[in-house]
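Some notes on the structure that comes next.
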Amino acid sequence: MRATAAVLLVLCLLTISHAWDCQEVVNIKNLMQIDAGLGQVVATDTSQIPYYLVGDKWIRLPGSLKHITVGPAGIWGVNKDYAIYKYVAGNWVQAAGLLKQVDAGGEQFIVGVHMKDTSFCLTCSATVGYKGPGSPLPWTGLPGAVKYYSCGRFGCWAVNKNDDIFLMSLNQDCQNKGWSHIDGKLSMIEVATDGSVFGVNSAGSVYTRDGITASKPEGTGWSNIPMGMLMGHVTYDLGRLWVVSKSAVTMVCTH
């Protein structure tokens with residue numbers, strides 16, 4: 001009897017140790033999208049106001065954006081008219097082109113998705129060197145049609161209009177070998193700077209990809225992360241999982 005109780009206690013403790021501890025972020029309301037990378041966190045709210053997290057304070061950034069991203073490529077965003085911006089010296093400078101979503105998580109290059117689900121890449125030299133109109137912007141078209149795109153240490157992940165999941169190896173010069181299909185269905189996906197992959201499906205459930213390494217960038221399978229509410233957006237950096245619910249409640253989780 002005592003032995004059985006001891007085993008159950010150990011299993012309980014193991015379950016707790018592998019669980020995520022989530023707390024509501026109470027000092028920001030009505031977020032729509034959030035992104036984390038290299039120790040930085042940015043977000044936009046339902047009024048399309050962009051924010052940058054400093055300590056426990058959310059600092060309002062200038063301008064109006066519907067999507068914002070931070071990573072090795074800097075801070076970039078797009079507005080409701082699909083105009084592209086880079087944050088330079090405290091202000092947004094517009095970049096040529098039109099995108100509905102952009103990601104700065106690659107190795108100092110950026111990727112983005114056009115309104116018609118075509119995707120593009122901007123090389124490392126052009127991304128880092130961009131300082132405003134007049135700087136070269138040699139956008140490179142990428143194969144396939146996807147609605148959401150995110151890059152990290154071991155590759156770039158994307159989902160299409162059918163929520164199918166794909167993985168691509170992409171270098172700093174935007175050279176690639178096309179997409180590989182990955183099992184599962186997700187409506188959005190985010191890759192952390194360290195290569196970790198998280199996503200949300202159409203039912204609002206959060207998943208993480210297991211077994212990702214340099215030699216196996218596709219990983220081994222998906223694990224569900226119970227949340228207790230329907231989620232719409234997720235991002236991860238340095239041990240913190242940030243999630244925004246479909247009702248605009250923001251949570252930060254650790255484990």
Side-chain angles (χ1 to χ4, degrees), residues 32-35 42-44 46-48 50 63-71 73-87 92-106 108-124 126-127 130 133 135-152 155-191 197-204 232-235 244 246:
M32 176 175 59
Q33 177 256 331
I34 191 167
D35 195 44
V42 293
T44 58
T46 52
S47 298
Q48 301 189 15
S64 175
L65 297 173
K66 70 171 187 177
H67 189 95
I68 189 170
T69 180
V70 62
I75 300 177
W76 293 71
V78 295
N79 68 9
K80 63 181 178 60
D81 298 316
Y82 310 110
I84 309 163
Y85 293 91
K86 181 183 181 182
Y87 198 61
W92 296 105
V93 294
Q94 188 170 353
L98 296 172
L99 295 173
K100 65 178 180 180
Q101 182 253 332
V102 66
D103 186 80
Q108 296 187 309
F109 62 86
I110 62 170
V111 293
V113 178
H114 185 263
M115 300 82 74
K116 295 182 179 180
D117 286 1
T118 51
S119 54
F120 295 87
C121 174
L122 188 63
T123 64
C124 169
T127 298
Y130 188 76
S135 299
L137 278 176
W139 291 104
T140 299
L142 298 173
V146 298
K147 65 178 180 179
Y148 200 101
Y149 205 132
S150 183
C151 295
C156 297
W157 293 66
V159 294
N160 67 11
K161 65 179 182 180
N162 299 319
D163 291 352
D164 298 317
I165 308 166
F166 299 91
L167 169 65
M168 172 188 286
S169 176
L170 192 63
N171 68 17
Q172 291 182 322
D173 294 321
C174 298
Q175 296 175 332
N176 68 88
K177 296 180 180 179
W179 294 106
S180 297
H181 180 253
I182 304 295
D183 62 287
K185 293 277 188 178
L186 292 173
S187 56
M188 66 83 56
I189 196 164
E190 278 288 342
V191 188
V197 176
F198 294 83
V200 180
N201 68 11
S202 58
H233 202 92
V234 64
T235 188
V244 178
K246 292 189 176 183

Using the side-chain hydrogen bond (donor to acceptor under 3.5 Å, both in side chains) criterion, which residues pair with Q175? Sequence neighbours excluded.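 Once residues adjacent in sequence are excluded, the partners of Q175 under the side-chain hydrogen bond (donor to acceptor under 3.5 Å, both in side chains) criterion are N171.
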Using ring pair (Phe, Tyr, Trp, His ring centres under 6.0 Å) as the criterion, list what pairs up with [X], not counting sequence neighbours.
X	result
Y85	none
W139	none
F198	Y236

For [X], check side chain to side chain contact (heavy atoms under 4.5 Å, CB included) against everything at least two apart and list the hits.
X	answer
N160	N162, D164, F166
T46	N30, M32
A158	V146, Y149, W179
A43	L31, I34, W58

Looking at [atom1] of [X] and [atom2] of [Y], how far apart are the two atoms once the value is rounded to the nearest 0.5 Å?
X	Y	atom1	atom2	result
M188	Q33	CE	CD	7.5 Å
M168	C121	CE	SG	9.0 Å
I110	I84	CD1	CD1	7.0 Å
K66	S47	NZ	OG	15.5 Å
L99	Y82	CG	OH	11.0 Å

Looking at residues at least two apart in the chain, or sitting in another chain, which of them share a salt bridge (charged side-chain N to carboxylate O under 4.0 Å, His left out) with K147?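 In terms of salt bridge (charged side-chain N to carboxylate O under 4.0 Å, His left out), with neighbours along the sequence ignored, K147 is linked to D163.
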Taking only residues two or more places apart in sequence, or in another chain, which ones meet C124 in a disulfide (SG to SG under 2.5 Å)?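 C124 satisfies disulfide (SG to SG under 2.5 Å) with no other residue.
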Does any part of the side chain of [Y], heavy atoms only, come nearer than 4.5 Å to the side chain of [X], both counted from C-beta?
X	Y	result
N79	Q48	no
P138	L122	yes
V113	Y148	no
I182	W157	yes
S150	T235	no
K185	N201	no

Residue pairs passing the salt bridge (charged side-chain N to carboxylate O under 4.0 Å, His left out) test where at least one lies in residues 93-104, sequence neighbours excluded: K100-D117
Under the salt bridge (charged side-chain N to carboxylate O under 4.0 Å, His left out) definition, can you give me all pairs with a residue in residues 170-184, not counting sequence neighbours? D183-R209
Does S187 offer a backbone N or O that forms a donor-acceptor pair with the side chain of S202 under 3.5 Å?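 A pair under 3.5 Å: no.
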Return yes if some donor-acceptor pair links the side-chain N/O of D35 with the main-chain N/O of V42 below 3.5 Å, else return no. no
